[in-house]
Each structure stands twice: as structure tokens, then as C-alpha cells.
Amino acid sequence: MNQTAKNFTLSEWLTWMETCHSSEIELGLERVSTVADLLSLDLSSSKVITVAGTNGKGSTVSYLDTIYRQAGYSVGCFTSPHFTHYNERVKINGVNSADELLCAAFARIDQARGQIPLTYFEFGTLAALVIFSDLKPDVVLLEVGLGGRLDAVNIIDADLSVVTTVALDHMDWLGDNRDVIGREKAGVFRADKPAICGDLNPPESIAAVAHELNATLFQAGNAFSYLQKGDTWSWCGTSLNGDKVRIDNIPLPQLPLQNAATALQVIQCAGLDVADTFIRSGIAAATLTGRMQLIEKEGTRYWLDVAHNPEAAALLSQKITAMEGDVTLVLGMLADKDCGQVIELLAPTVDHVYFVDLNIPRGQKASVLASYLPQGRSMKQCASVSDALNTFKNDHNRSGNVIIAGSFFTVSDALAAFGKEE
């Protein structure tokens with residue numbers, strides 16, 4: 001880095017960071033741990049919670065963030081990827097980090113690393129940790145980017161760790177079966193610390209890793225469960241010392257209920273006092289960009305949902321089935337995802353299908369997505385999400401539901417088309 005680096009704008013830093021490593025992804029902790037040690041990070045005054053999992057990480061973090069802030073705690077969140085602004089990845093008390101804060105952190109990291117190469121994600125992870133180390137929030141929530149065991153987030157020894165779900169995704173990196181992938185994700189567990197698993201049917205490797213570490217495992221369906229009744233639900237869980245805990249009359253959330261149940265078990269194990277009233281209000285208030293996010297415009301309900309793998313698509317298909325009125329699917333995906341299975345799950349639940357090109361290096365073409373549809377099924381191919389939305393307006397002069405899904409990039413393009421920014 002040259003001497004003008006300290007004057008870089010955030011955009012310039014992000015562009016430069018993409019050139020710092022020959023690979024977009026390089027799993028492993030040695031390089032990033034070395035730089036973290038040189039930065040003398042100190043999170044000892046914060047309660048640190050690491051969240052891994054195939055699906056459900058974002059909503060679990062959102063629940064925890066909202067509940068803890070409503071209870072009066074200061075909270076730092078590191079999540080990825082972002083939708084419209086990089087600043088979304090690092091939030092303090094629900095507010096995106098300022099450009100100046102991120103730039104100062106990047107400059108410190110660059111000075112400390114010397115000649116050690118770091119990926120874009122590793123730079124971002126360290127920047128979040130620098131900011132949290134300086135500001136010392138009461139709670140730090142760290143969302144794993146990929147896997148768990150070898151993800152940069154895992155350089156931090158969390159006070160407790162979560163695996164939300166385990167499904168087949170990122171198989172080139174994590175393994176080709178749930179047991180192997182589960183072991184990778186359970187790599188965030190720590191010896192003698194609480195470990196929470198929200199998967200109702202977890203692979204055996206989750207419990208095996210917890211046992212190897214002597215970590216107390218709080219497993220969904222065993223240590224905690226929930227029951228919905230009308231427009232409220234009840235939660236039964238286990239305290240850190242093994243006592244049974246029950247909370248009734250919780251409002252139904254906007255995000256997945258199973259992840260809300262997981263978040264409540266995390267709160268029981270974290271050791272910070274949270275009154276039931278803040279749990280109820282936090283559950284009701286929690287939202288997340290790109291997870292069944294509703295935008296109503298000109299009589300049409302547009303639902304934005306990332307849904308980029310079969311497990312997420314199965315949950316989305318249930319939501320679609322419950323909708324009233326006409327349903328249109330706008331789908332754009334990355335080429336390394338299980339496009340065929342996602343389409344098989346979603347296409348039968350909708351009336352119209354628009355496939356879109358994602359114009360990025362990993363983006364799949366609409367023509368390839370179309371090849372997964374059964375012969376005879378009508379659909380349209382569009383050059384972009386914006387093109388699909390314009391085509392939809394010309395095709396359908398009526399109210400209804402439009403599902404925009406398949407990737408973070410698809411949702412980001414939709415937000416840009418609607419002029420929505422974080």
C-alpha cells in the first residue's frame with residue numbers, strides 16, 4: 001500500500017481490497033489470526049455470540065440484536081453480505097457504521113499486516129473486530145460467512161456459539177454430505193462453553209463435536225421447543241443451569257419462527273438479564289432486509305427473499321402456497337447453486353415465471369435456468385431484474401404477488417430498481 005492509502009475513500013478501500021489476495025475465498029485461520037494478534041484486539045468486556053448455519057443466521061442475529069437493544073444493551077453486529085452499502089456489514093446499535101470508522105479500521109489493518117495477504121472478507125472481518133474492540137458494546141454478534149471451523153470469524157473464542165441449520169450448500173468448500181458439513185459448522189463451538197443448535201434434525205456430527213469439546217449442547221426439539229396458537233406462540237427452553245423455562249403469549253414474528261426459538265435459547269445461555277417484555281417486543285419488531293421483505297407498489301405486493309438454496313426455497317414455497325391471488329416468480333441465481341432443485345421447489349407454487357440473468361462473474365444465465373422447467377411450462381427470460389419488473393408491469397395490469405428470489409444479488413438489484421436503500 002502506498003502512502004496515500006490513509007486518504008482513501010471507502011469505495012477506494014473496497015476496490016483495493018479486492019486486489020490484495022489472488023483468491024476470493026481462502027479458508028484458514030493462520031493469516032488472519034496473525035494479523036489479529038498484531039492488532040491487539042480486546043473483546044473481553046463484550047458478550048460474544050458467534051452464529052453459523054446454512055440458513056437462518058441473519059434472522060437469528062436480527063432477533064438477538066433487536067431483543068438485546070430493547071433490553072437496554074449496546075450491540076455490535078457483523079453480518080454479510082451487504083445489499084446496497086458495505087456499511088450494512090458492521091452495525092452499532094442498529095446503525096450502519098460510518099465510512100470514516102471503516103476507513104480508519106482498514107488503515108490500521110493494512111499497517112499491521114505487513115506483507116501478509118488477506119481476502120476481502122478477512123479484511124472486513126478484522127475491521128468489524130477492530131471497531132468492536134474500540135467501542136466495547138455489551139453484546140457482539142458475529143455471523144459466519146462460510147462454514148465455521150475455518151471462517152475468519154472463528155479466530156474469536158465466543159462466549160457461546162450457534163448452529164442454526166445444516167443443509168447441502170457450498171459443497172465444493174464444506175463437503176458433500178450433512179454430517180461433514182455439520183462438523184465444519186460446529187467448528188465454532190468452544191470447549192466448556194454453551195453450544196446451541198436450531199436444526200430439528202441435525203447430523204450426528206453436531207453432538208459429536210460438542211461432546212469432544214465438553215461443550216453443553218442445547219438442541220432444538222430437546223432443550224427447547226415452541227408451540228403456535230393462533231396469533232401468538234409459547235416457548236419452552238432450558239436455562240444455563242438446567243432449569244426449565246417457559247414464555248407464553250409471544251407475538252408471531254415477521255421472520256422464521258424456528259429461528260426465534262433458537263434466539264430465545266441463546267438468550268437463556270448468554271447470562272445477560274432480559275425481561276420477558278423485551279423478548280416479546282423484540283420478537284415482534286425484528287426484521288431483515290431480503291427475508292420476506294414486502295414492498296407494495298401500484299397495487300402489487302413485491303416480496304424479496306434471498307432463498308438461494310433448496311432448504312430456503314422449501315420454506316419460501318410454503319409462504320407462497322399460503323398467499324392469496326396471482327403469484328409471479330422473478331428468479332436469478334448464481335451458477336454454483338443447486339438451481340434445478342430450487343426451481344423444482346418454487347415453480348409449481350407460482351402462476352408466472354420470469355428468469356433473469358445475473359450479470360456478475362458467478363451469475364447464471366436466464367436461458368440455463370429456463371432449461372430446468374418442464375417442457376411446455378410458459379416463462380420469460382429477461383436480461384436483468386429491472387427488465388423483468390418492467391416486463392411484468394406490461395404483462396399484468398392487476399394486483400398480485402411478485403416473489404423476487406434466488407440470490408443476495410437478485411434482491412440487491414431489486415432494491416436498486418425500487419430505489420430502496422438501507
Side-chain angles (χ1 to χ4, degrees), residues 23-29 50-60 80-81 119 121 142-154 158 161-191 195-224 256 258-259 261-262 265 306-318 333-347 362 364 368-369 372 405-408:
S23 302
E24 181 182 358
I25 299 172
E26 183 179 338
L27 295 178
L29 303 183
T50 296
V51 182
T54 306
N55 294 301
K57 297 188 296 292
S59 55
T60 301
S80 64
T119 66
F121 181 77
L142 303 176
E143 180 187 320
V144 167
L146 176 62
R149 182 176 64 91
L150 298 177
D151 186 87
V153 164
N154 205 33
S161 305
V162 187
V163 173
T164 54
T165 62
V166 180
L168 299 178
D169 199 8
H170 299 297
M171 289 183 286
D172 289 345
W173 295 98
L174 303 180
D176 60 1
N177 64 74
R178 290 182 74 232
D179 202 63
V180 173
I181 293 172
R183 181 167 285 276
E184 288 297 313
K185 294 186 183 300
V188 299
F189 293 168
R190 288 298 187 269
I196 293 92
C197 179
D199 196 311
L200 291 169
N201 182 32
E204 294 180 359
S205 55
I206 296 291
V209 172
H211 178 73
E212 291 163 11
L213 294 170
N214 195 37
T216 304
L217 179 63
F218 295 81
Q219 174 62 55
N222 184 8
F224 63 98
Q258 180 60 36
N259 299 328
T262 301
Q265 185 57 57
V306 172
H308 60 280
N309 56 44
E311 185 183 52
L315 291 173
L316 178 56
S317 69
Q318 296 173 16
M333 296 191 68
L334 298 179
D336 55 4
K337 296 295 181 179
D338 190 347
C339 301
Q341 185 66 22
V342 168
I343 292 167
E344 183 178 329
L345 288 162
L346 293 180
R362 293 166 57 207
Q364 187 59 278
V368 176
L369 298 178
Y372 291 107
S407 171
F408 281 88

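Heavy atoms only: backbone and side chains are in, while hydrogens, waters and symmetry mates are out. Note that the structure is predicted; figures quoted are calculated from it, not measured.
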| task | Could you pull out all residues at least two apart from F408 that satisfy ring pair (Phe, Tyr, Trp, His ring centres under 6.0 Å)? | result | F83, H308
| request: Determine yes or no for a side-chain-to-main-chain donor-acceptor pair under 3.5 angstrom, with N154 supplying the side chain and G187 the backbone. | output: yes
| task | Mind checking side chain to side chain donor-acceptor pair (under 3.5 Å) for T165 and listing every partner two or more places apart, or none if nothing turns up? | result | E311
| query | What distance do M333 atom CE and Y372 atom OH have between them, rounded to the nearest 0.5 Å? | reply | 9.0 Å
| request: Please confirm whether the backbone N or O of P203 pairs with a side-chain atom of D179, one donor and one acceptor, at under 3.5 Å? | output: no
| query | Among all residues two or more places apart in sequence or in another chain, which pass the side chain to side chain contact (heavy atoms under 4.5 Å, CB included) test with E344? | reply | Q341
| task | Hey, could you give me each pair passing salt bridge (charged side-chain N to carboxylate O under 4.0 Å, His left out) that has a residue in residues 195-205? Not counting sequence neighbours. | result | R178-D199
| remark: Hits for side chain to side chain donor-acceptor pair (under 3.5 Å) against N201, two or more places apart or cross-chain, chain-then-number order -> none
| note | Sorted by chain and residue number, the side chain to side chain donor-acceptor pair (under 3.5 Å) partners of R183 (sequence neighbours excluded) come out as E212
| query | So, does S80 use its side chain to make a donor-acceptor pair with the main chain of G145 at under 3.5 Å? | reply | no
| field | side chain to side chain contact (heavy atoms under 4.5 Å, CB included) against A207, all qualifying residues, sequence neighbours excluded | value | L217
| task | Side-chain contact test, heavy atoms from C-beta onward, threshold under 4.5 Å: evaluate it for V51 versus T164 and give yes or no. | result | yes
| request: Taking all heavy atoms of V163 and all of G53, pick out the closest pair and write down the distance. | output: CG1-CA, 4.5 Å
| query | Which distance, rounded to the nearest 0.5 Å, do you find between the CG of L150 and the CG of L29? | reply | 5.5 Å
| remark: Between L345 and A314, the two heavy atoms sitting closest are CD1-N, 4.0 Å
| task | List the atom of F224, the atom of F218, and the distance in Å for their closest heavy-atom pair. | result | CE2-O, 3.6 Å
| If you look at every heavy atom in V144 and V188, which pair is closest and at what distance? | CG2-CG1, 3.9 Å
| request: Kindly indicate whether the side chain of K185, heavy atoms from C-beta on, has any atom under 4.5 Å from the side chain of D151. | output: no
| request: Check for a donor-acceptor pair, side chain of Q265 on one end and backbone N or O of A220 on the other, with a separation under 3.5 Å. | output: no
| field | Listed partners of A405 passing side chain to side chain contact (heavy atoms under 4.5 Å, CB included), at least two apart | value | A307, L316, L331, I403
| field | Inter-residue atom distance S407.OG - K337.NZ, 0.5 Å rounding | value | 8.0 Å
| note | Closest non-hydrogen contact found for A186 with V209 is O-CG1, 3.5 Å
| Taking atom CD1 of I343 and atom CG of D338, what is their separation to the nearest 0.5 Å? | 9.5 Å
| Which atom pair, heavy atoms only, marks the closest approach of I206 to F189? | O-CE1, 3.8 Å
| By side chain to side chain donor-acceptor pair (under 3.5 Å), which residues pair with S59, not counting sequence neighbours? | N259
| field | From T60 atom OG1 to N55 atom CG, the distance as rounded to the nearest 0.5 Å | value | 10.5 Å
